[in-house]
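A quick write-up on the structure given underneath.
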Amino acid sequence: MPIHADIVVLPGDGIGTEIVAATLPVLETVARRHGHTFAFHEHDIGGIAIDRHGVPLPAATLQAAQKADAVLLGAVGGPKWSDPNAKVRPEQGLLAIRKGLGLFANLRPVRPHPAALGASPIKSELLEGVDIVVVRELTGGIYFGDKTRSDSDATDLCRYTVAEVERVVRSAAQLARQRRGHLTSVDKANVLETSRLWRDVTNRVMREEFPDVTLEHQLVDSMAMHLLSKPRAYDVIVTENMFGDILTDEASMLAGSLGLLASASLGTGKVGIYEPIHGSAPDIAGKGIANPYATILSAAMLLRHSLGLEAEAAAVEAAVSAALDAKVFTADLAAPGKAVTTTQAAQTVIERLA
Ligand SMILES: NC(=O)c1ccc[n+]([C@@H]2O[C@H](COP(=O)([O-])OP(=O)(O)OC[C@H]3O[C@@H](n4cnc5c(N)ncnc54)[C@H](O)[C@@H]3O)[C@@H](O)[C@H]2O)c1
């Protein structure tokens with residue numbers, strides 16, 4: 001059935017503006033083909049917002065996001081705003097909007113495409129058939145705990161509540177149930193009290209609510225090793241904030257390029273933030289050569305998770321896959337002299353959709 005959706009668009013900084021501009025026509029094509037109407041509302045976040053409004057997340061941006069069906073984000077940051085002593089930094093805008101929307105689960109699918117296997121530093125035979133989603137807890141743990149600093153020491157408090165663990169484990173288990181029915185929970189329960197709480201809560205939630213999903217526990221250090229040595233063994237991986245931050249960057253190497261990896265940040269409501277996992281890539285910004293596929297795949301996740309348009313999401317993913325099959329690669333993946341531009345890559349996806 002045709003729907004109307006209000007989508008807040010936050011291009012941000014650097015290549016953010018280029019990859020988002022390339023992705024909107026893909027969503028417009030989906031809307032036209034299926035009779036949907038998507039209204040795009042563009043707002044500032046990150047460095048551009050600091051320049052224009054003095055803050056990385058203007059109130060108008062947060063209010064628009066709170067009223068929207070979904071948020072599509074490019075990337076924030078860049079050398080202009082990277083003074084470590086600066087009071088306002090672009091990345092604060094990301095933390096604030098996730099918090100403001102109550103988003104606590106960050107989903108990062110890792111599915112190396114056959115045509116791009118050669119771009120990964122990992123042996124191709126280990127990568128064939130890999131299909132993982134990492135679910136990272138997004139609003140708790142050491143990144144959000146109290147911090148102290150004196151001349152002689154510093155502390156970062158790591159804290160998790162039972163409710164914080166329950167909700168992210170439920171999100172991951174529901175996802176595992178829709179996929180291959182296997183959940184790996186990653187912690188450091190041999191050392192950390194927060195990890196022992198994480199493990200106890202996970203065991204209880206899974207026993208009481210998801211007896212049909214197979215649960216396995218992994219210590220984060222051995223997980224870091226197994227992710228590279230036997231990535232096919234994993235389906236859904238759930239973990240706390242800092243472990244997830246590190247493991248997802250490691251997992252991105254399986255796919256060959258940061259420019260291929262999408263993400264969704266979800267809460268209990270339908271609104272989510274959809275963005276590529278990479279940053280604003282200042283080294284290539286303004287050249288029109290950034291890979292738009294991660295952002296287009298993030299838009300597919302937006303269609304699926306916030307708008308409930310599964311068939312349309314699958315069609316976008318298939319169109320990106322067809323473009324990769326045809327070796328329509330931007331410079332991060334292409335052989336010398338064979339690269340297409342950001343716009344050409346997105347245009348190929350639109351042609352494959354049609
Ligand atoms: N979510 C975000 O907005 C986010 C995430 C990470 C970093 N950042 C910020 O981005 C800025 C740059 O950080 P960085 O250089 O460490 O990481 P980055 O992800 O921006 O870039 C790392 C490398 O990957 C390349 N790359 C990234 N995306 C690409 C794409 N779509 N196509 C082709 N190549 C691509 C870049 O050219 C660069 O060589 C920093 O200010 C950082 O704080 C923002």
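Predicted, not measured: the structure shown is a model, and the values here were computed from it. Counting convention: from 1, in listed order, for ligands and their atoms alike. The basis for the numbers below is simple: all heavy atoms, side chains too, and nothing from hydrogens, waters or symmetry mates.
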Is there a donor-acceptor pair under 3.5 Å between the side chain of Thr184 and the backbone N or O of Glu216?
no
Same apolar cluster: Val220 and Leu215, side chain cutoff 4.5 Å:
no
Protein heavy atom under 4.0 angstrom of atom 43 (O) of ligand 1, is there one?
yes
among protein heavy atoms, the one nearest atom 3 (O) of ligand 1 is Val76 N, 2.9 Å
Gly77 heavy atoms within 4.0 Å reach ligand 1 at atoms 41 (O)
Mind telling me whether His305 and Tyr274 have parallel, tilted or perpendicular rings, with 30° and 60° as the class edges?
parallel
Out of all atoms in ligand 1, which are within 4.0 Å of some heavy atom of Leu258? Include the element for each.
19 (O), 22 (C), 24 (O)
Just jot down the ligand 1 atoms closer than 4.0 angstrom to any heavy atom of Gly279, in number order.
4 (C), 5 (C), 6 (C), 7 (C), 8 (N), 10 (O), 18 (P), 19 (O), 20 (O), 44 (C)
In this structure, atom 38 (C) of ligand 1 is nearest to the protein heavy atom Asp283 OD2, 3.4 Å
Ser82: heavy atom below 4.0 Å from ligand 1, yes or no?
no
What do you reckon, does Gly78 have a nitrogen or oxygen under 3.5 Å from a nitrogen or oxygen of ligand 1?
yes
Can you tell me which residue and heavy atom of the protein come closest to atom 30 (C) of ligand 1, and the distance to 0.1 Å?
Asn291 N, 3.7 Å
Residue, atom name and distance, where the atom is the protein heavy atom closest to atom 34 (N) of ligand 1
Ile284 CD1, 3.6 Å
Taking only non-hydrogen atoms of Leu94 and a 4.0 Å limit, the atoms of ligand 1 in range are 1 (N), 2 (C), 3 (O)
Could you go step by step and tell me if Ile97 and Leu62 meet the side chain to side chain contact (heavy atoms under 4.5 Å, CB included) rule?
CA-CA 6 Å; Ile97 194 168; Leu62 180 58; 4.2 Å; yes
Using heavy atoms and a 4.0 Å limit, tell me yes or no: is Ala294 in contact with ligand 1?
no
Just which atoms of ligand 1 are under 4.0 Å from any heavy atom in Glu275?
1 (N)
Does the plane of the ring in His36 sit parallel, tilted or perpendicular to the ring in Phe38? Use 30° and 60° as the thresholds.
parallel
Which of the numbered atoms in ligand 1 are under 4.0 angstrom from any heavy atom belonging to Pro282?
12 (C)
May I ask you to decide whether Asp131 forms a salt bridge with Arg180, counting only side-chain N to carboxylate O separations under 4.0 Å?
yes
Shortest protein heavy-atom distance from atom 10 (O) of ligand 1, along with the residue and atom involved
Ser280 N, 3.1 Å
Ligand 1 atoms in contact with Ala75 (distance to a heavy atom under 4.0 Å)
3 (O)
Ala290 neighbourhood, listing ligand 1 atoms whose heavy-atom distance to it stays under 4.0 Å
32 (N)
Testing the 3.5 Å rule here: is there a donor-acceptor pair between the side chains of Glu275 and Ser263?
no
Closest protein heavy atom to atom 25 (C) of ligand 1, given as residue, atom name and distance to 0.1 Å:
Ala281 CB, 4.5 Å
For atom 28 (N) of ligand 1, what's the nearest protein heavy-atom neighbour? Residue, atom name and distance, please.
His278 CG, 3.1 Å
Can you confirm whether something in the protein, heavy atoms only, sits under 4.0 Å from atom 13 (O) of ligand 1?
no
Note: Thr330, heavy atoms under 4.0 Å from ligand 1, region reported as neither
